[in-house]
Amino acid sequence: MRRSGFAGTAKVLSILSIFIGSAFSQPRVRQPFRVPGVPGYVLLKCDFHMHTVFSDGNVWPTVRVDEAWAGGLDAIAITDHLEYAPHEKDVKRDNNRPYEIAAGDASSLGLLFIRGAEITSKMPPGHINAIFLQDANRLRTDDWRKSVDEAAAQGAFLFWNHPGWNGQQPDGVSRWYPEHTDLLEKGRMQGIEIVNEKEYYPQAHRWCLEKNLTMLANSDMHDPVETTYDEAAGDPRPMTWVLAKTADEAGIKEALLSRRTVCFWKGNLIGREEFLKPIFSGGFQVQKDTITIRGTEWASVPIFNDSDIDFHLSSNGRADGFSVPASLTCPANKVVLLSVQGQKDHGTGTRVVRIPYTVTNLWVAPDQGLAVEISIYCKFIK
Ligand SMILES: [Zn+2]
Ligand SMILES: [Zn+2]
């Protein structure tokens with residue numbers, strides 16, 4: 001996104017980065033980020049948009065790999081700008097070098113590493129990322145359409161970056177132009193970033209649902225990761241979670257082309273209901289689903305959140321026979337007690353009570369949380 005600043009410190013930072021990358025006195029550690037999976041798929045945590053000194057970033061390519069591994073990611077793409085290289089006095093202009101420099105490091109760490117580049121045009125169409133490239137330098141042309149055609153010829157997956165970025169849309173509103181229709185119709189745009197760094201674009205989210213496009217969330221980092229995120233302390237970057245059939249580059253590509261992603265951003269998950277539901281039920285575990293309610297007394301249902309993501313639930317406060325809290329937060333890796341109170345007219349006998357809740361930090365559409373039901377076997381007595 002950003003195309004300015006930090007030029008003066010780039011060289012110092014890159015030299016420092018090389019030093020850090022080669023002179024560890026402490027063993028390197030990786031912060032796992034535990035999230036429930038989706039049956040039938042491998043969930044891969046990915047970031048498909050970031051920069052290095054080969055465009056307007058301020059780190060050496062191997063640092064991107066080391067950061068991603070330490071932050072618990074499974075796959076990344078470095079996507080330096082093709083048309084913009086403010087460090088070129090110091091760093092040779094070559095859009096294949098970031099991949100070539102860092103591929104060995106990625107391989108030794110078991111991180112999947114994808115060759116990419118950012119086609120950096122004014123709006124419309126704005127910036128477009130091309131990943132799974134063979135030769136990024138061949139995309140450096142005098143016309144974004146030629147660059148996109150070349151990327152497509154190389155078998156790239158193409159997505160529209162930060163459609164509401166205020167550098168191109170001063171009011172922050174994402175707008176669809178005829179150029180985007182053209183890209184879509186020619187198979188030259190398969191996804192959109194609905195999250196870029198600190199921003200979420202609800203209109204782009206709607207377009208992905210309406211036009212059946214892949215949803216992506218990426219960091220677009222230019223500076224060292226710790227300047228923006230504290231991943232070791234549980235504050236991860238935005239990520240695209242890819243639901244792959246195989247944990248390799250081909251598996252990621254197939255999943256992206258099949259729209260199987262969930263976007264993680266600031267503790268929220270954004271995606272299609274069919275994927276958010278199993279992720280929720282994999283983490284949200286009712287530990288004891290049988291309770292007895294006598295009259296208007298209280299009873300508790302212990303719920304364990306077996307994941308590193310908090311779940312925030314809201315309801316209208318009522319179920320069949322008892323009242324429930326209107327809001328409930330299930331903190332990551334903790335047990336919370338759901339306290340319910342019998343209603344006067346609940347009757348007697350044992351029945352299954354389904355408590356309807358909305359998970360307010362799992363978004364199936366803009367302003368629409370995931371609807372779930374918690375089922376409880378309840379014995380009602382007078
Ligand atoms: Zn950009
Ligand atoms: Zn970028």
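Position 1 is the first residue of the sequence, and the numbers go up from there. The model shown is predicted, which means the values in this text are computed figures rather than measured ones. In each ligand, atom 1 is the first atom listed, and ligand 1 is the first ligand listed.
The N, O or S atom of E118 lying closest to the Zn ion (ligand 1) is OE2. Within H127, ND1 is the N, O or S atom that lies nearest to the Zn ion (ligand 1). Summary: OD1 is the N/O/S atom of D220 found nearest to the Zn ion (ligand 2).
Put simply, the angle at the Zn ion (ligand 2) from NE2 in H49 to NE2 in H51 is close to 110°, to the nearest 10°.
L213 belongs to a hydrophobic cluster whose remaining members, ordered by chain and number, are L82, I119, M123, I128, L133, L139, W144, V148, L158, W160, W176, Y177, L183, L184, M189, I192, W207; membership requires side-chain heavy atoms of ILVMFWY residues under 4.5 Å apart, directly or through intermediates.
Residues satisfying the ring-ring contact (aromatic ring centres under 6.0 Å, His included) criterion with F113, sequence neighbours excluded, are Y99.
Not a single N/O/S atom of H81, whether from backbone or side chain, sits less than 2.8 Å from the Zn ion (ligand 1).
A distance of 11.5 Å separates CZ of F311 from CD1 of I303, quoted to the nearest 0.5 Å.
Using a 4.0 Å cut-off between a side-chain N of Lys or Arg and a carboxylate O of Asp or Glu, R115 and D135 do not qualify as a salt bridge.
Taking every heavy atom of both residues into account, A85 and F54 meet most closely at CB-O, 4.2 Å.
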